[in-house]
K.L.:
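Okay, handing you the structure first.
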Amino acid sequence: MEVKQSVICGVCPGSCVVDVNLEDGNLIDIFPAKDEPFGALCLRGKFAKEILYSPDRLKKPLIRVDEKGEGIFRETSWEEALDYVAHGFLKIKEKYGPEALINHSGRGGFEASTSDFLGIVNPENRAVPGFFLPLGSPNVSSVGSVCYNSFGAFAPITTFGAYGNSILPDIANANRIVVWGANPITKSPQFQFHAIQAAVSRGAKITAIDHFKTDICKRAEEYYLVRSGTDGALALAILKIIIEEDLYNKEFVEKWTEGFEELKSYVASKTLEEWADIPGLDPEAIRHLTYQIAEEEKTTLVMYTGLEYSNSGVQTIRAVYTIWALLGKIDIPGGILLNSPAKLNRVKEIYCEKPDKKPIGANEYPLFCELMQNAHFMKFPQAVLENNPYPVKGLLNLGSSILTSYPNPNKFAKALSKLEFFVVIDRYFTEDCKYADVVLPATTYFEDESYVVHGSTIRKRSRVVEPIGEARTDIFIIHDIAKRLGYGENYPKDEFELLERALGSKELAEQLNRDGFVKYPVPERTFKKYESGKFRKDGKLGFPTPSGKFEIKSSLLEEFGYPGLPEYMEPTESPVSQPELAKTYPLVLNTGARISTTFRSQFLNISGLLKIQPEPLVWINTADAENRNIADGDKVWVKTKRDQVEFMAKVTDEIPSGEIELNMGGGSDYQAEAWAKSNTNRLTDDENCDYISGFPIYKALLCDVEKLDSKKK
Ligand SMILES: Nc1nc2c(c(=O)[nH]1)N[C@H]1C(S)=C(S)[C@@H](COP(=O)(O)OP(=O)(O)OC[C@H]3O[C@@H](n4cnc5c(=O)[nH]c(N)nc54)[C@H](O)[C@@H]3O)O[C@H]1N2
Ligand SMILES: Nc1nc2c(c(=O)[nH]1)N[C@H]1C(S)=C(S)[C@@H](COP(=O)(O)OP(=O)(O)OC[C@H]3O[C@@H](n4cnc5c(=O)[nH]c(N)nc54)[C@H](O)[C@@H]3O)O[C@H]1N2
Ligand code: SF4
Ligand SMILES: [Mo]
């Protein structure tokens with residue numbers, strides 16, 4: 001047996017440092033690495049062996065031989081597959097123009113080299129701005145159309161003037177950590193949770209705000225449960241108390257905020273009782289929460305996706321940031337830190353001419369396309385099915401399971417079936433693959449030589465096992481397609497070039513190969529950077545917004561025709577906005593809180609993980625279940641006005657009456673049957689979106705639950 005210490009887990013881009021045992025070159029066991037700051041192993045990591053050697057893994061390139069949707073393919077060589085792919089895309093360019101081509105990447109596109117060179121999260125960190133741009137297409141897209149950017153781009157840019165990666169909680173110094181619409185326990189990797197645990201062990205307290213009692217609520221000193229999608233009203237109630245009870249930081253508000261007087265009038269438009277009634281909380285409880293946040297100077301904020309999926313998700317997150325701004329807890333120890341992100345100047349950007357045509361979605365969500373420099377993939381079906389704004393005919397999809405992730409999968413499937421050419425790069429034969437012309441097999445990162453980014457350290461990722469079958473590393477697949485399209489030089493062609501280009505020099509690549517890591521200098525921590533000019537690139541005082549201030553009222557939003565203030569909007573499908581519909585569908589539907597056995601649609605074929613949670617669950621309150629004659633473990637239908645899908649009931653008082661929480665991820669045939677037949681997104685609506693970000697409403701809809709049959713299974 002061979003023991004390898006301090007290698008990188010290759011299941012997901014979390015990139016935890018682990019030790020492994022190998023036998024004859026095969027992975028046998030995996031452990032968290034000791035004495036490593038990034039040493040960790042999540043539940044899925046523990047099943048690395050089963051994941052790596054799953055018999056369901058794609059092993060050879062496939063070319064479709066029958067009708068789209070049937071899923072009959074023949075195995076082929078890489079040479080033939082890649083030639084066929086390039087030919088297919090070029091044919092579309094010639095026939096319809098380059099804008100008819102689009103690329104999309106998902107949660108399988110987060111490996112460091114893929115995100116650096118193909119790009120997924122932040123347009124500032126991308127070497128090549130869109131796979132088809134060199135051919136002239138503006139259409140680069142990603143799951144950033146449904147994830148992270150309301151929290152990570154829209155809200156921070158329209159308040160602080162910077163991307164979310166510059167706005168960070170100071171967990172290490174905080175005495176109170178408010179976790180609002182996030183669950184750092186299930187989220188992986190768990191580095192942030194480890195920081196919270198360390199803070200708690202030195203006496204820091206947690207306050208959690210969620211729609212049901214999650215793991216983090218159980219560890220919190222206090223937690224508050226709101227009706228899904230109504231946090232905006234809770235935030236405005238808190239702001240009202242802060243303003244009217246004189247709790248705000250006068251100096252910060254006067255010097256560094258824009259729009260305070262307008263906000264003051266806006267929060268005065270309802271009484272505290274009226275605001276409190278919207279999320280369903282007692283006004284006194286909100287007052288208590290407000291004083292708790294205000295009176296402890298070192299109170300920080302941990303947020304993520306929980307607030308993104310209501311009709312005014314962007315405004316809600318802005319309202320929450322405004323609480324911290326009015327209290328002056330910005331860039332102070334224990335508050336919200338402003339980091340001018342260290343530009344490591346690693347990957348060189350490649351200049352491409354901007355095409356004349358706007359990306360799809362630019363008419364409906366102009367600010368999205370402007371901030372993200374991306375097409376909005378929520379508008380992909382409209383482009384394919386209605387030629388609006390122009391026909392889209394070819395799609396390259398890397399590491400996303402579109403038909404389980406996007407709302408209204410029937411419509412997305414119809415669009416996939418109407419494409420003239422569709423290529424999938426994945427580890428598994430997902431539901432999407434049934435509509436593909438070519439399916440290309442990707443490695444897990446255990447099989448790759450690459451690098452990982454741990455804060456300001458770049459670490460070498462060394463190959464742990466040889467590739468399974470003929471699976472290949474994503475970025476080299478991308479290179480080989482690009483080469484055939486005439487621009488291979490935009491991407492690294494092999495492992496040597498990869499490190500050199502990732503680090504920006506041969507010397508640093510050699511250092512990485514020699515030492516296993518390259519450390520970049522970390523700038524010394526300074527506070528209140530708005531007072532010293534260190535938060536703006538031009539060195540001026542204040543924030544990098546048009547007004548130079550924290551914009552409670554955003555000039556950028558107003559310029560794009562949206563309200564400048566963080567106004568509350570009732571979810572458009574709720575018991576309040578649609579009382580008639582609520583007679584048939586009285587429960588509020590919330591989907592997709594993370595569970596530790598799965599990662600969105602992934603790992604639902606891994607038997608060790610399935611043993612822990614074999615079926616997709618619907619969480620329902622005891623009283624709501626009794627009213628419907630439903631017992632724990634019963635099979636039930638969850639119904640919306642759109643469709644009905646089967647789940648297993650988890651009857652519990654950990655979710656308030658009136659609220660439903662539904663697991664997501666099912667809907668692909670390669671998954672265990674119980675999950676494969678339950679695609680949660682058949683219940684959601686692709687036309688019900690946040691009016692600013694275009695994010696779908698995954699977490700504030702109406703539904704009912706009904707027993708499937710009386711026998712308990
Ligand atoms: N109802 C509802 N829907 C949701 C959500 C919700 O909360 N509720 N959450 C949304 C969110 S936050 C997101 S991010 C999206 C996620 O949307 P997706 O990006 O579609 O996420 P996954 O289901 O993880 O699919 C990732 C795919 O990539 C493949 N893969 C994994 N690793 C690799 C790799 O290294 N290379 C390649 N080529 N492929 C790889 C996997 O096999 C899998 O098929 O879903 C969204 N959908
Ligand atoms: N194990 C595992 N880890 C993952 C993933 C996974 O699928 N599995 N997915 C990855 C992805 S794609 C992402 S984007 C991140 C997301 O990371 P997080 O956003 O931290 O993910 P969640 O655990 O879903 O936490 C969101 C919380 O918001 C709550 N919430 C939902 N609606 C509301 C609401 O209206 N109001 C309030 N106050 N709370 C609400 C949910 O109940 C949930 O507890 O996690 C990543 N990590
Ligand atoms: S978070 Fe990802 S990288 Fe870390 S142990 Fe889990 S599966 Fe492996
Ligand atoms: Mo996500």
Side-chain angles (χ1 to χ4, degrees), residues 1-23 25-54 57 107-108 110-112 171 182-201 214-216 218-219 302 304 399 427-428 442-455 457-466 468 516-517 593-614 665:
M1 194 172 65
E2 188 195 349
V3 181
K4 273 199 179 171
Q5 283 182 326
S6 299
V7 297
I8 313 286
C9 173
V11 172
C12 94
S15 305
C16 305
V17 185
V18 293
D19 297 341
V20 291
N21 293 343
L22 301 170
E23 214 166 78
N26 291 319
L27 189 132
I28 300 295
D29 255 325
I30 183 163
F31 311 92
K34 287 205 187 83
D35 306 324
E36 285 274 357
F38 292 91
L41 188 66
C42 76
L43 185 61
R44 286 159 297 114
K46 288 186 184 136
F47 289 88
K49 182 178 160 190
E50 206 187 326
I51 292 167
L52 175 57
Y53 299 116
S54 160
R57 288 271 309 270
R107 269 291 180 170
F110 277 69
E111 196 274 331
I171 296 168
N183 190 358
I185 299 183
T186 43
K187 189 187 77 189
S188 49
Q190 293 189 321
F191 306 144
Q192 192 180 51
F193 178 52
H194 294 167
I196 293 177
Q197 275 178 314
V200 167
S201 64
T214 60
D215 312 343
I216 199 78
K218 290 178 193 161
R219 292 175 194 241
V302 171
Y304 202 174
R427 295 173 179 168
Y428 290 100
T443 46
T444 71
Y445 317 133
F446 284 117
E447 300 146 73
D448 294 340
E449 286 273 307
S450 183
Y451 58 96
V452 302
V453 184
H454 280 158
T457 302
I458 310 286
R459 195 162 179 144
K460 174 104 191 283
R461 180 194 286 286
S462 297
R463 177 170 292 120
V464 175
V465 302
E466 288 306 310
I468 304 294
F517 64 90
R594 275 73 193 156
I595 55 174
S596 41
T597 50
T598 72
F599 197 106
R600 308 294 79 189
S601 70
Q602 300 181 62
F603 314 114
L604 292 167
N605 59 328
I606 302 300
S607 58
L609 288 164
L610 284 163
K611 271 193 204 123
I612 300 167
Q613 186 180 329

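Positions are given from 1, in the same order as the sequence printed here. Everything numeric in this text was worked out from a predicted model, so none of it was measured.
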K.L.:
As a quick check of understanding, evaluate side-chain contact (heavy atoms from CB on, under 4.5 Å) for Asn605 and Ser54, giving each step before the final call.
P.N.:
CA-CA 8 Å; Asn605 59 328; Ser54 160; 3.5 Å; yes
K.L.:
Check whether any side-chain heavy atom of Lys34 sits under 4.5 Å from a side-chain heavy atom of Gln5, and report yes or no.
P.N.:
no
K.L.:
List the atom of Val11, the atom of Arg427, and the distance in Å for their closest heavy-atom pair.
P.N.:
O-NH1, 3.1 Å
K.L.:
Quick check: closest heavy atoms across Ala33 and Asp19, and the distance to 0.1 Å?
P.N.:
CB-OD1, 3.6 Å
K.L.:
Could you check if a side-chain atom of Phe517 sits within less than 4.5 angstrom of a side-chain atom of Lys460, using non-hydrogen atoms only?
P.N.:
no
K.L.:
Rounded to the nearest 0.5 Å, what separation is found between the CG atom of Asp29 and the CG atom of Leu22?
P.N.:
10.0 Å
K.L.:
What are the two closest non-hydrogen atoms of Ile30 and Cys9, and how far apart are they?
P.N.:
CD1-SG, 4.5 Å
K.L.:
For Leu27 and Val464, work out which heavy atoms get closest and say how close.
P.N.:
CD1-CG1, 4.2 Å
K.L.:
Are Pro32 and Val18 close enough that some pair of their side-chain heavy atoms sits under 4.5 Å apart?
P.N.:
no
K.L.:
Does Glu23 reach the main-chain N or O of Ile28 with its side chain, forming a donor-acceptor pair under 3.5 Å?
P.N.:
no
K.L.:
For Ser15, does its backbone N or O pair with a side-chain atom of His454 as donor and acceptor, under 3.5 Å?
P.N.:
yes
K.L.:
On a heavy-atom basis, which atom in Thr444 and which in Leu52 lie closest, and how many Å separate them?
P.N.:
OG1-CD1, 3.5 Å
K.L.:
Is there side-chain contact between Gln602 and Arg44, with at least one heavy-atom pair below 4.5 Å?
P.N.:
no
K.L.:
With no hydrogens and no angle check, do the side chains of Ser450 and Glu111 hold a donor and an acceptor under 3.5 Å apart?
P.N.:
yes
K.L.:
Could you go step by step and tell me if Gln192 and Val302 meet the side-chain contact (heavy atoms from CB on, under 4.5 Å) rule?
P.N.:
CA-CA 9 Å; Gln192 192 180 51; Val302 171; 3.6 Å; yes
K.L.:
Would Val200 and Arg219 satisfy side-chain contact (heavy atoms from CB on, under 4.5 Å), going step by step from the backbone distance to the final call?
P.N.:
CA-CA 10 Å; Val200 167; Arg219 292 175 194 241; over 6 Å; no
K.L.:
May I ask you to test the Asn21-Glu2 pair for a side-chain heavy-atom distance under 4.5 Å?
P.N.:
no
K.L.:
Which pairs would a plain distance check flag for residues 36-43, meaning a side-chain donor or acceptor within less than 3.5 Å of a matching protein atom at least two apart in sequence or in another chain?
P.N.:
from  : atom 1 : to     : atom 2 : distance (Å)
Glu36 : OE1    : Arg459 : NH1    : 3.1
Glu36 : OE1    : Arg459 : NH2    : 3.4
Glu36 : OE2    : Ser6   : OG     : 2.9
Glu36 : OE2    : Arg459 : NH2    : 3.2

K.L.:
Counting C-beta onward and ignoring hydrogens, is there a side-chain heavy-atom pair between Val465 and Glu447 closer than 4.5 Å?
P.N.:
yes
K.L.:
Over all heavy atoms of both residues, which pair between Gly608 and Phe47 is shortest? Give the atoms and the distance, please.
P.N.:
CA-CE2, 3.4 Å
K.L.:
One pair to check against side-chain contact (heavy atoms from CB on, under 4.5 Å): Arg461 and Tyr445. What are the steps and the verdict?
P.N.:
CA-CA 8 Å; Arg461 180 194 286 286; Tyr445 317 133; 3.3 Å; yes
K.L.:
With a cut-off of under 6.0 Å to the ring centre and 45° to the axis, is Arg57 in cation-pi contact with Tyr53?
P.N.:
no
K.L.:
Report the distance from atom OG1 of Thr443 to atom CD of Glu466, rounding to the nearest 0.5 Å.
P.N.:
11.5 Å
K.L.:
Hey, could you give me the OG/OH distance between Ser601 and Tyr428, rounded to the nearest 0.5 Å?
P.N.:
10.5 Å
K.L.:
Nearest 0.5 Å, what's the CD1-NZ distance between Ile185 and Lys218?
P.N.:
9.0 Å
K.L.:
Going from OG on Ser462 to CD on Glu449, what distance comes out if it is rounded to the nearest 0.5 angstrom?
P.N.:
5.0 Å
